[in-house]
Amino acid sequence: MPTTAAREQLDGIRSTSDSIPEADSDRISEIRRDLLGRKSGRLTRLLRSLRDLEPGERKEIGAAANLLKNQVESALEAREQILSQQTASDDEVDLTMPSRKGWRGALHPVTTVVDEICEIFREIGFTRIVGPEAETEEYNFTKLNIPLDHPAADMQDSFYLAPGVVLRTHTSPMQAHTLEQYEPPIRIVVPGTVYRRDPFDPSHSPVFEQIEGLAVDEGISFVDFKAAIDFFVARFFAKGTSVRFRPSFFPFTEPSAEVDVGCPMCSGSGCSTCKQTGFMEIMGAGMVHPAVFERCGVDAEKYTGYAFGMGPHRIAMIRHGIPDIRMLFQNDMRMLSQFVD
Ligand code: PHE
């Protein structure tokens, strides 16, 4: 074989060799056969034909061909090793790998509080109903004996949807709707969302839940109210939780009261949660004001009743020791996942 032909073959073999690092496993077998095949491999044949060259050329080409053979062999081996590692990692199942977390849905802690409260009142004869979130000024204020020049009716405090129409600032308008629609005896609880132009800070939110309660019949007195609330607190809060009724004012109840329970954080000894008072407020309440009965067409001579409004967000905070109401709106899984049972 003439020397030039041998050099050309060396070049051809070298360029095939250069493609080894990119070859897939089929191509690797092909190259191995093509270059190193025992009978007709190009490199094998080249080495075999060295003896036909002139002694000077033989030495030079022989050295180059042997070097190339070593390079081809080690490149093929290196590439095969890389390919075998890749398939191994594709196929292998790592049994020690932690499994992916299977998320499970759960009720929001405020929803749970609402459901539990309504269920406790159901046991003593209260029906759960709902009402609209958009109310007229008449139902949100006037029928409840709140004059429109009362600060609560102010544009600053309420979200107006249109002149005379507000997002309800409390669930009490459902007192008026129910009194107009049904004959006593009436016993209802009304959970629902209410809206106020309040800041969004640790203890306020412009949107929150309320549960309205209303019981109207002949001969209902404040004692019936106290008994219902004692029953509720005993069922809902920890055993031995104390209850306190404080005089208060609402235009639609007379007398009016606020109800506190012993702070569950410090059991009444005083802490930062209850601002050292030992108590947490859970609702506003009172005996239905005769003016409300009159505005809703109920005979105030014949009937009496009590009403209350509680805040499930506050109650959920008290129950779980949640320091900031905003945590109940953020839907942070680190917080909510604690309520998956
Ligand atoms: N509606 C009152 C409030 O939002 C609560 C309340 C309801 C008070 C019923 C008395 C009777 O603050």
Side-chain angles (χ1 to χ4, degrees), residues 110 114 117-118 121 126 128-133 135-148 150-154 156-159 166-180 186-198 203-217 220-222 224-226 228-229 232 243-261 280-293 295-296 298 300 303-315 317-318 325:
V110 173
V114 168
I117 293 173
C118 291
F121 280 95
F126 285 73
R128 176 177 179 159
I129 63 167
V130 292
E133 291 180 18
E135 285 283 6
T136 57
E137 285 179 326
E138 196 187 2
Y139 281 91
N140 197 78
F141 303 120
T142 321
K143 286 193 186 266
L144 295 167
N145 202 32
I146 307 172
L148 287 179
H150 189 279
D154 200 304
Q156 304 302 314
D157 294 311
S158 309
F159 289 111
V166 293
L167 282 172
R168 64 180 173 194
T169 60
H170 51 179
T171 43
S172 300
M174 281 306 286
Q175 288 188 39
H177 287 297
T178 308
L179 291 172
E180 285 183 341
I186 289 169
R187 278 181 183 77
I188 50 153
V189 279
V190 194
T193 309
V194 304
Y195 303 84
R196 290 181 194 175
R197 290 179 70 152
D198 278 341
S203 52
H204 296 86
S205 165
V207 43
F208 55 97
E209 298 303 293
Q210 274 196 342
I211 301 177
E212 194 77 9
L214 176 70
V216 179
D217 203 346
I220 286 191
S221 74
F222 201 87
D224 298 298
F225 170 62
K226 284 190 78 173
I229 296 310
F232 160 67
V243 193
R244 178 172 83 171
F245 297 79
R246 275 183 296 112
S248 185
F249 174 80
F250 299 100
F252 36 96
T253 46
E254 179 58 35
S256 300
E258 271 165 340
V259 179
D260 301 338
V261 291
M280 304 278 284
E281 185 200 319
I282 56 164
M283 71 177 86
M287 299 304 292
V288 179
H289 198 295
V292 175
F293 281 147
R295 288 170 200 266
C296 298
V298 175
Y303 295 112
T304 51
Y306 59 83
F308 56 85
M310 36 187 161
H313 277 94
R314 260 190 80 79
I315 292 173
M317 289 167 75
I318 294 171
I325 194 172

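Being a predicted model, the structure only gives us computed values, none of them experimental. Atoms within a ligand are numbered from 1 in the order they appear, just like the ligands themselves.
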E258: salt bridge (Lys or Arg N to Asp or Glu O under 4.0 Å) partners, not counting sequence neighbours: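 R246.
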Here the gap from T193 atom OG1 to R168 atom CZ, rounded to the nearest 0.5 Å, amounts to 6.5 Å
Below 4.0 angstrom from a heavy atom of A285, which ligand 1 atoms are there? Numbered from 1 as shown, please. 8 (C), 10 (C), 11 (C)
Can you list the ligand 1 atoms lying under 4.0 Å from a non-hydrogen atom of Q175?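 Every atom of ligand 1 under 4.0 Å from some heavy atom of Q175: 9 (C).
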Ring centroid separation F121 to F232 under 6.0 Å: yes
Test of ring centre spacing under 6.0 Å for H170 and F252: yes
Could an N or O of ligand 1 be found under 3.5 Å from any N or O of [X], whether backbone or side chain?
X: Q210; answer: yes
X: T253; answer: no
X: S172; answer: yes

Minimum-distance protein heavy atom relative to atom 2 (C) of ligand 1: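 Here the closest protein heavy atom is F252 CZ, 3.8 Å.
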Considering heavy atoms of the protein only, find what lies nearest to atom 5 (C) of ligand 1 and give residue, atom and distance to 0.1 Å. G309 CA, 4.1 Å
Close approach, E212 and ligand 1, non-hydrogen under 4.0 angstrom: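 Yes.
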K143 and its side chain to side chain donor-acceptor pair (under 3.5 Å) partner, picked from Q175, E180, E137: E180
I229 versus M283: any side-chain heavy-atom pair under 4.5 Å?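 Sidechains of M283 and I229: in contact.
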Please classify the R196 to ligand 1 contact at 4.0 Å (heavy-atom distances, strictly less than): side chain, backbone, both or neither. side chain
Please name all residues satisfying ring-ring contact (aromatic ring centres under 6.0 Å, His included) with H289, sequence neighbours left out, ordered by chain then number.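 Per chain and number, H289 pairs via ring-ring contact (aromatic ring centres under 6.0 Å, His included) with no residue.
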